Each structure stands twice: as C-alpha cells, then as structure tokens.
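Remarks on the structure that follows.
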Amino acid sequence: ITEDVYGELFDDIGRDETLRQTFFKRRLEREDDLVLAVAYDSSTETSVSKNPEARPGMNKDHNGKTSIKIIGLYSLKTRRPLIYGKQPANIPDVISIKNVLEQFTALGVKKVLLVTDGGYSSDENLGEIFRAQDHTLTRVKTGWKWVRDEIDRRMQELRSVLNIMETDVYVKGITVPLTRNFKYKRIR
C-alpha cells in the first residue's frame with residue numbers, strides 16, 4: 001500500500017465524526033465509576049497545513065502563526081486516553097473545557113471530576129471553570145493571598161508527621177474545603 005493510500009485512509013477515518021464519537025463512547029463505557037475522574041490537558045501547536053481548524057492564535061512561540069489546540073482527556077483510574085480533539089487555537093482554554101464537558105454530556109457521562117494542571121489556574125479561568133463545572137480539582141499558586149492565608153493558618157497541621165504522603169515522604173498534604181467568590185464577566 002502506498003503512502004497516499006494510507007494518507008487517504010487516515011484522513012477519512014480522522015474526519016468521520018460518527019466513527020470518532022462511537023470510539024469515545026465505547027472507551028467511556030469501560031469506566032465504571034459513578035464520578036468519572038478525568039485529567040484535562042491541551043497544547044497549542046503551530047500548523048503549516050491547510051487544516052480549517054488552524055487559525056491565528058496563541059501558541060508557545062507567540063509568533064502569530066496559524067495554530068491548532070490539541071486536547072486530551074485521560075482516565076485517572078486506567079491512565080488511558082478517553083477523548084481527544086482539535087479546536088482552533090484562538091478559542092480560550094475555558095471555552096475549550098466547556099466544549100469538552102458538553103461532549104461528555106452528549107456521550108452520556110453524568111458526573112465528571114475535571115483535573116487540570118496549573119496552566120488553567122488564573123483567578124479568571126477558575127471562576128469560569130467552576131461556573132461551568134462544579135467538580136474540579138486544580139493546582140493553584142501558593143503565592144495567591146487567599147491560598148497563602150490558608151496555608152499560614154494550617155501550617156501546624158502541614159508540619160505534622162501524620163500528613164506525610166504515602167507515595168512520597170518529602171510531600172505533606174491536607175485537604176481543606178474553601179469557599180471563595182470569583183468574579184464573572186458577562187458576555188453581554
């Protein structure tokens with residue numbers, strides 16, 4: 001089989017949305033938890049192709065070239081990918097997350113615990129994410145005043161030998177529920 005035949009086959013399979021969504025649905029059926037814990041990650045990559053999803057947007061090089069946002073969602077239980085996707089790079093991260101959550105709903109998943117890294121933890125992003133998704137776990141900066149104040153209040157607890165993490169003896173942790181008001185900008 002020639003390279004062109006492979007190229008056409010992968011192009012046809014990759015653009016068949018019904019096939020992709022059926023694949024995602026089957027992957028999700030293997031996750032038997034009541035609340036699906038999902039790690040979210042996205043990366044914006046420069047594209048020189050004529051892909052309609054490639055648009056001028058933010059990329060790591062900040063050069064204004066056309067880019068595509070590649071999104072991956074992984075099961076924290078099985079550590080395997082569940083859903084992947086591409087979006088135009090000019091779509092903000094929070095809207096990308098909302099789109100993914102809608103995709104989960106369309107695939108029949110009722111509750112999702114969304115886990116993100118520190119790349120999404122600006123005050124504005126957190127407000128938007130929490131507005132769209134109430135089950136969210138994310139890393140935040142310890143330098144933020146509201147986080148630092150809580151750390152200072154709990155320092156005695158944090159120093160306790162009882163709170164050493166089983167997986168890493170150099171890490172200590174506690175779980176603290178916090179209530180915080182986030183600002184929300186109305187679109188209109």
Side-chain angles (χ1 to χ4, degrees), residues 10-47 49-62 65-141 177-178 180-188:
F10 288 126
D11 191 48
D12 290 344
I13 290 172
R15 294 188 192 279
D16 185 339
E17 195 62 34
T18 304
L19 183 65
R20 278 184 38 189
Q21 296 308 319
T22 302
F23 171 76
F24 296 152
K25 190 163 182 63
R26 297 291 177 262
R27 294 282 302 136
L28 288 166
E29 286 170 356
R30 294 180 184 167
E31 301 291 322
D32 56 358
D33 293 337
L34 292 174
V35 177
L36 180 64
V38 177
Y40 173 92
D41 193 27
S42 71
S43 179
T44 305
E45 301 295 332
T46 302
S47 172
S49 70
K50 294 184 180 180
N51 187 322
E53 292 165 326
R55 296 192 190 145
M58 292 298 295
N59 61 21
K60 291 175 181 144
D61 300 328
H62 300 285
K65 291 186 177 180
T66 57
S67 304
I68 296 174
K69 185 178 294 191
I70 300 165
I71 297 168
L73 290 126
Y74 304 88
S75 166
L76 293 180
K77 181 179 177 185
T78 63
R79 299 181 187 266
R80 292 186 176 171
L82 295 172
I83 294 177
Y84 67 90
K86 295 182 296 185
Q87 293 183 7
N90 59 350
I91 294 178
D93 287 330
V94 173
I95 293 173
S96 295
I97 288 172
K98 287 179 184 178
N99 291 342
V100 165
L101 293 172
E102 287 176 10
Q103 186 176 11
F104 274 121
T105 302
L107 291 170
V109 176
K110 302 277 189 268
K111 287 196 176 192
V112 174
L113 168 62
L114 186 68
V115 180
T116 68
D117 63 17
Y120 304 98
S121 65
S122 71
D123 232 19
E124 185 178 333
N125 279 356
L126 286 176
E128 290 281 342
I129 290 170
F130 291 145
R131 189 166 190 271
Q133 168 71 12
D134 56 348
H135 295 89
T136 304
L137 178 64
T138 191
R139 188 181 66 169
V140 294
K141 296 176 181 157
L178 290 177
R180 169 143 168 81
N181 293 325
F182 290 95
K183 293 179 183 175
Y184 173 70
K185 291 182 185 178
R186 292 182 185 254
I187 295 172
R188 294 189 179 100

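What you are looking at is a predicted structure, and each value in this text was computed from that prediction instead of being measured. Residue numbers run from 1 in the order of the sequence given.
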* Go through the structure and list residues passing ring-ring contact (aromatic ring centres under 6.0 Å, His included) with Phe24, not counting sequence neighbours. =>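 Per chain and number, Phe24 pairs via ring-ring contact (aromatic ring centres under 6.0 Å, His included) with Tyr84.
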* Asked: What residues form a ring-ring contact (aromatic ring centres under 6.0 Å, His included) with Phe23, not counting sequence neighbours?
  ->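 For Phe23 there are no ring-ring contact (aromatic ring centres under 6.0 Å, His included) partners, ignoring immediate neighbours.
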Could you give the distance from [atom1] ([X]) to [atom2] ([Y]), rounded to the nearest 0.5 Å?
{"X": "Leu101", "Y": "Tyr40", "atom1": "CG", "atom2": "OH", "answer": "9.0 Å"}
{"X": "Asp41", "Y": "Ile71", "atom1": "CG", "atom2": "CD1", "answer": "10.0 Å"}
{"X": "Arg139", "Y": "Thr116", "atom1": "CZ", "atom2": "OG1", "answer": "9.0 Å"}
{"X": "Ile91", "Y": "Lys98", "atom1": "CD1", "atom2": "NZ", "answer": "12.5 Å"}
{"X": "Leu82", "Y": "Lys77", "atom1": "CG", "atom2": "NZ", "answer": "11.5 Å"}

* **Backbone of Leu107 reached by a side-chain donor or acceptor of Lys25 within 3.5 Å** =>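 Flag set: sc Lys25 to bb Leu107 pair under 3.5 Å.
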What closest approach, in Å, do [X] and [Y] show between heavy atoms, and which atom pair accounts for it?
{"X": "Tyr74", "Y": "Pro81", "answer": "CD2-CA, 3.6 Å"}
{"X": "Pro88", "Y": "Lys69", "answer": "O-CB, 4.1 Å"}
{"X": "Leu73", "Y": "Leu114", "answer": "CD2-CD1, 4.4 Å"}
{"X": "Leu76", "Y": "Ala39", "answer": "CD2-CB, 3.7 Å"}

* Asked: For Glu102, what residues pass the side-chain hydrogen bond (donor to acceptor under 3.5 Å, both in side chains) criterion, not counting sequence neighbours?
  ->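 Partners of Glu102 under the side-chain hydrogen bond (donor to acceptor under 3.5 Å, both in side chains) test: none.
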* Answer yes or no: is there a side-chain heavy-atom contact under 4.5 Å between Ile83 and Val100? =>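 Ile83 vs Val100: side chains apart.
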